[in-house]
Amino acid sequence: MIELKDITKEYSSNGAHIVRALKGINLSVKEGELVVLRGASGSGKSTILSLIAALSKPTTGEVVVDGERVSKLQDNFASEYRRETIGFVFQRYNLIPTLSVKENIILPLIPINLDAKELEDRLFRVLKMFHIEHKKEQLVKNLSGGEQQRVAIARANINNPKIILADEPTANLDEKLSLHFIEMLRELKLQGKTIIIATHDPLFFNLDFVDRVFEIHQGEII
Amino acid sequence: MRSRVNFYIVEYAINSLIRQKYKTFFVVLVLSTLVFLLASLFFITNSIKYELSATVNSLPEIIVQKTKAGRHYDIDVSAVDEILDIAGVESVSARVWGYYYFENAGVNFTLVGIDEYEEQYKNSFKSAVQKLNFKTSSMLVGIGVKKIMRNNYYKEYFNFIKPDGKLKKMNIGGEFSADTELESNDVMLMSKDDAREIFDIDESKATDIVVRVANVNEIATVASKIKRLHPDSRVITKDNLKISYQNIFDYKSGVFLSFFTISLFTFFIIIYDKISGLSSEQKREIGILKAIGWRVDDVLREKFYEGLIISLFSYIVGIILAFAFVYIFNAPLMQSIFLGYSKLKTTFELPFVFDIQTLALIFFLSVPIYIAATIIPSWRSATIEADEVMR
Ligand SMILES: Nc1ncnc2c1ncn2[C@@H]1O[C@H](COP(=O)(O)OP(=O)(O)OP(=O)(O)O)[C@@H](O)[C@H]1O
Ligand SMILES: [Mg+2]
């Protein structure tokens with residue numbers, strides 16, 4: 001279960017000027033739910049995702065995931081929390097362009113020092129699941145946008161996380177690829193993952209397997 | 001678990017160096033060049049130090065020179081017997097030697113006269129006496145001299161120009177070698193009579209007199225006795241000589257020191273440059289790694305391996321090159337900086353001196369410093385909030 005309690009988030013861009021990105025967010029997402037955060041550009045969707053992933057800390061309020069106050073985690077524990085619990089599909093994918101598909105996907109597992117067999121098994125599983133096996137030796141920078149996104153999703157799933165966060169997953173995809181992505185989501189939902197998607201793509205608003213849609217407007221849920 | 005070496009991280013580090021191949025190449029080039037320079041300088045210094053101390057040890061205990069108006073004059077051979085009477089003196093010999101300037105090559109040779117039946121004041125002369133033909137005018141020459149002679153087409157003989165302008169033809173009878181090359185390199189060894197003729201020194205005179213003293217503790221006493229006997233002489237003891245040899249060398253190590261400083265300075269410029277910033281791609285990569293679950297220490301470990309691999313590799317390359325340069329090729333160009341005092345423009349075989357301290361010093365000047373310079377900026381980058389990658 002993910003709970004956001006009275007969250008505010010302020011950014012002070014170059015000193016004096018303060019941006020109030022979130023203004024008192026209360027949100028709770030149950031295990032296995034698929035939730036969509038919709039809202040215009042700048043409304044605060046990405047900020048919410050980064051707080052849940054403990055990539056940043058709220059100005060006030062707290063984020064609790066499975067009983068743990070992740071907003072209070074010290075840096076190294078926040079990393080471990082991400083490694084164990086979160087699969088994040090970033091808006092810009094955040095792949096390392098000069099590494100191969102395979103190397104990008106196993107990145108989250110490197111610090112864990114798994115044995116080679118286990119690593120290979122996990123890699124093979126996600127390569128198959130997200131249909132990117134045939135490109136595994138290619139450099140990411142030589143892939144198309146859709147392929148890069150599949151690599152990003154594969155990487156987000158290599159640690160078999162309970163929670164998947166996706167930021168504008170269809171922003172760079174055409175309709176066919178977007179539908180393909182939705183199929184992958186359905187698959188993940190069936191596996192029982194908790195999924196939160198930040199998007200303003202209407203494709204997501206009427207899907208049968210989406211549990212709830214929250215409208216974010218200028219840092220508030222309406 | 002944590003203590004086990006994580007080879008995935010090592011592999012990632014190697015991969016990362018390969019991905020940045022131009023940068024890696026540049027760093028290896030600069031770093032190994034610096035290690036090479038430093039190591040070569042150190043190796044040469046060690047070799048020369050070794051040669052010098054060997055040379056100094058083979059010096060006679062006391063040298064007596066005659067002076068007049070503060071200048072060095074030929075001494076009367078008769079003084080030999082007087083000195084021999086002093087208690088504690090083991091042997092005394094009159095030396096005939098001097099420098100001969102060879103204009104064609106612009107170098108000075110050291111001419112040394114020896115006597116067939118005299119007790120030799122240097123060990124190296126003992127075997128030379130067997131080799132040298134005293135019946136004809138011939139001489140033995142050091143390796144350096146030999147090379148210069150050959151380059152100037154003097155293979156069998158050499159013509160000296162005497163002070164009166166006439167020529168003195170000397171056969172080159174063989175090679176003269178001593179324990180240290182410093183000692184023999186620029187030497188021409190011949191009979192005292194020939195040396196006298198070339199320098200125009202009368203038979204009753206000698207260049208100086210060397211005195212061997214049996215007991216080291218008596219050197220000072222004997223020296224003062226000689227001084228009393230010959231107030232117009234300069235009495236030089238081994239200790240005095242040591243100091244002047246050391247002085248020559250100290251001046252050279254000044255040159256060395258400036259080289260050393262320049263190398264270090266260059267190195268620190270690179271380090272400073274590294275510390276002052278990562279490229280935006282490098283920062284982004286660190287951000288990504290953190291966002292997907294790497295801890296700060298995972299990132300730093302990876303950077304540590306990068307720094308270790310690249311600097312250790314450069315260190316080894318630099319050291320190997322320096323070994324080859326100094327001990328196989330005899331440090332062309334560089335050794336002339338150190339050997340200016342023997343105005344002989346010729347190469348000099350550097351003796352192999354293995355000194356683990358030197359290797360350790362260069363190691364500590366390069367590897368840990370470079371690693372630190374790799375880690376520090378990454379550490380700064382890795383400890384900022386990870387949501388940078390969201391944008
Ligand atoms: N690091 C930051 N420094 C300053 N302001 C920031 C920072 N990150 C976000 N903001 C601001 O906070 C507000 C919310 O940003 P956020 O990225 O959460 O919006 P979003 O809903 O994801 O928008 P988009 O649909 O464009 O991705 C915006 O006004 C944005 O400019
Ligand atoms: Mg956003």
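Protein chains get the first letters and strands the later ones, always in sequence-line order, with residue 1 at the start of each.
Atoms CD and CG, from B:Glu285 and A:Leu95 in turn, are 11.5 Å apart once rounded to the nearest 0.5 Å. Expressed to the nearest 0.5 Å, how far OG of A:Ser79 lies from CG of B:Leu289 amounts to 10.0 Å. One finds the CD atom of B:Glu11 at 7.5 Å from the CD atom of A:Glu103 (value rounded to the nearest 0.5 Å).
Within a 6.0 Å sphere centred on CD of A:Glu120, other residues, nucleotides and ligands contribute 12 heavy atoms or fewer. In this structure, A:Arg69 places its CZ atom where only 12 or fewer heavy-atom neighbours from other residues, nucleotides or ligands lie under 6.0 Å away. Taking a 6.0 Å sphere around CD of A:Gln74, one finds it holds more than 12 heavy atoms contributed by other residues, nucleotides or ligands.
Neither the backbone nor the side chain of A:Glu84 comes within less than 4.5 Å of any heavy atom of chain B. Contacts of A:Ala116 with chain B are made by both backbone and side-chain atoms, with heavy-atom separations under 4.5 Å.
Counting heavy atoms from C-beta outward, B:Tyr8 and A:Leu119 have side chains that approach closer than 4.5 Å. Here the side chains of B:Ile288 and A:Arg92 are not in contact, with every heavy-atom distance at 4.5 Å or above. Counting only heavy atoms from C-beta outward, the side chains of B:Ile292 and A:Phe90 approach each other to under 4.5 Å. Annotation: side chain of B:Arg19 is in contact with side chain of A:Ile96 (closest heavy-atom distance under 4.5 Å). Taking 4.5 Å as the limit, every side-chain heavy atom of A:Ile110 sits out of range of all side-chain heavy atoms of B:Asp298. Residues A:Asn113 and B:Phe7 have side chains not in contact (no heavy-atom distance under 4.5 Å, counting atoms from C-beta outward).
A salt bridge links B:Lys290 to A:Asp75: one of the charged nitrogens lies within less than 4.0 Å of a carboxylate oxygen.
Counting only distance, with no hydrogens or angles, the side chain of B:Trp294 and the backbone of A:Glu80 share no donor-acceptor pair below 3.5 Å.
Interface with chain A: from residues 306-315 of chain B, no residue qualifies, criterion being any non-hydrogen pair under 4.5 Å.
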